[in-house]
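Here is the structure we will look at, set down as structure tokens.
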Amino acid sequence: MEIVILSFTDAAVRWPVKSERISYKADTVSKLYTLTRFCRLYGFHTFPEDKKSWIGSLWGEKALFFIGAAGIAVRMIAPHVKDKFTDSPVLVMDEKGSYVIPLLSGHVGGAVELAKEIAEKINAQAVLTTATDVEQKFAVDVFAKSNGLVLTDRKKAKEIFSLWVLDGNKIGLYSVFPVEGKFPEELKLCETEEFLRNYPYGIRIAGRSGERREEETILDLPPKNLVLGIGCRKGISEEEIQSAVNEAKKILGFTEKEVIEIDSIDLKKEEEGLLSYAAKWKLPFYTFSAEELGKVKCVSSHSEFVRKVTGVDNVCERAAILAAGEDGRLLMPKQCMNRVTIAVAEKKVRIRI
């Protein structure tokens, strides 16, 4: 995550200087923007002339951290606010560094977590106003995000947890994967789906979409753990890749939201169709060498033609298995879809409360 820090006074600019540019994770990048006269002193970026349009260009992609009056932040972000699922995480801190307040996308976007991390780092107080934080209740959006689960139905999640959990009622949880951690009092673990249906509302963490039927009182949270191993002919188009993936989706019943990465052989690392498909769905695209792929001991089929071209007899299945790791599982062996081959594997899932 990249944090864009916006400050408007000399005192505000000094905070990122004193706290090593304020970042809450080792891999977090922060950039500070301020008025021109302070840029000369500290070497930071100057604000674009049209600040509101600039904020719009960052919206949904970057975390915004305002150091100064909350009113300034509200006026600058107002034209771009939509909903907590697509809004940027937005925080504000007073220029004395006393309070850090998450304003938008607190749970889904991570603004609450970010506020806590920053506050701890600079010895400030995080001011949390979300109901689940104030009441110390189980929050499904936080649970889903921290476990890499897909929130399939936002409306249902809101109904269940704002109208049920916050009123002190209990909900069931059924998972085909092991669940670790201390359960909150409002959440009860169910050993079977039938037992889950004894509760007015419940959460189900199951396999692929094709293995489950939609139920009005059950919120499905499938894991984002699928790996797509893809092989293709040279010059393949994005549309051909999409068509092949669509066929795999029909077979297994998943969506792109459940895919965590795409993998292939390093000969395809510049293949435009693969790169375009990955960019369209914002998925990381990784490649392995033929030597690495050859370490996979067992695959469902072999192609002498593919071996002569790439150095390995089955690209997609080997790539999927290798990317899924030792604890992973192959869900769909190599399938030939015109000029594309595709295999699907899943990484091991760990669920923590």
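Just so you know, these numbers come straight off a predicted model, no measurement behind them.
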task: Would you sort out whether Ser237 and Glu240 count as a side-chain hydrogen bond (donor to acceptor under 3.5 Å, both in side chains), showing the intermediate values?
output: CA-CA 5 Å; Ser237 67; Glu240 289 174 286; 3.1 Å; yes
message: For Tyr277 and Glu256, which I'm curious about, is there any donor-acceptor pair between the side chains at under 3.5 Å?
response: yes
task: Indicate whether the side chain of Glu317 and that of Ser300 have a donor and an acceptor atom separated by less than 3.5 Å.
output: yes
query: Is the Tyr199 ring parallel, tilted or perpendicular to the Phe195 ring (thresholds 30°, 60°)?
result: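 If you compare the ring of Tyr199 with that of Phe195, the planes turn out perpendicular.
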- request: Assign the ring pair Phe66 / Phe8 to parallel, tilted or perpendicular, where the plane angle (0 to 90°) is split at 30° and 60°.
  value: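 Ring orientation, 0 to 90° scale: parallel.
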I'd like to know if the side chain of [X] reaches the main chain of [Y], judged simply by a donor and an acceptor atom lying under 3.5 Å from each other, with no hydrogens or angles considered.
{"X": "Glu292", "Y": "Ser289", "result": "yes"}
{"X": "Ser88", "Y": "Val90", "result": "no"}
{"X": "Ser243", "Y": "Glu239", "result": "no"}

message: Assess whether a salt bridge exists between Arg197 and Glu193, defined as any Lys/Arg side-chain N lying under 4.0 Å from an Asp/Glu carboxylate O.
response: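 So Arg197 pairs with Glu193 through a salt bridge.
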- prompt: Taking all atoms of both residues into account, what is the closest heavy-atom pair of Asp87 and Lys82, and its distance?
  reply: OD1-N, 2.8 Å
query: Hey, mind stepping through Glu261 and Lys347 against salt bridge (Lys or Arg N to Asp or Glu O under 4.0 Å) and telling me if it holds?
result: CA-CA 10 Å; Glu261 65 182 75; Lys347 293 189 176 184; 2.9 Å; yes
message: Please evaluate residues Leu275 and Glu271 with respect to the criterion side-chain contact (heavy atoms from CB on, under 4.5 Å), reporting the C-alpha separation (whole Å), side-chain torsions for both, the decisive distance (0.1 Å), and the verdict.
response: CA-CA 6 Å; Leu275 293 171; Glu271 194 68 57; 5.8 Å; no
- request: State which residue, out of Ile205, Leu151, Thr152, Val150, fulfils the side-chain contact (heavy atoms from CB on, under 4.5 Å) condition with Asp220.
  value: Thr152
query: Taking it one step at a time, do Glu186 and Lys170 satisfy salt bridge (Lys or Arg N to Asp or Glu O under 4.0 Å)?
result: CA-CA 4 Å; Glu186 62 267 34; Lys170 299 184 186 300; over 6 Å; no
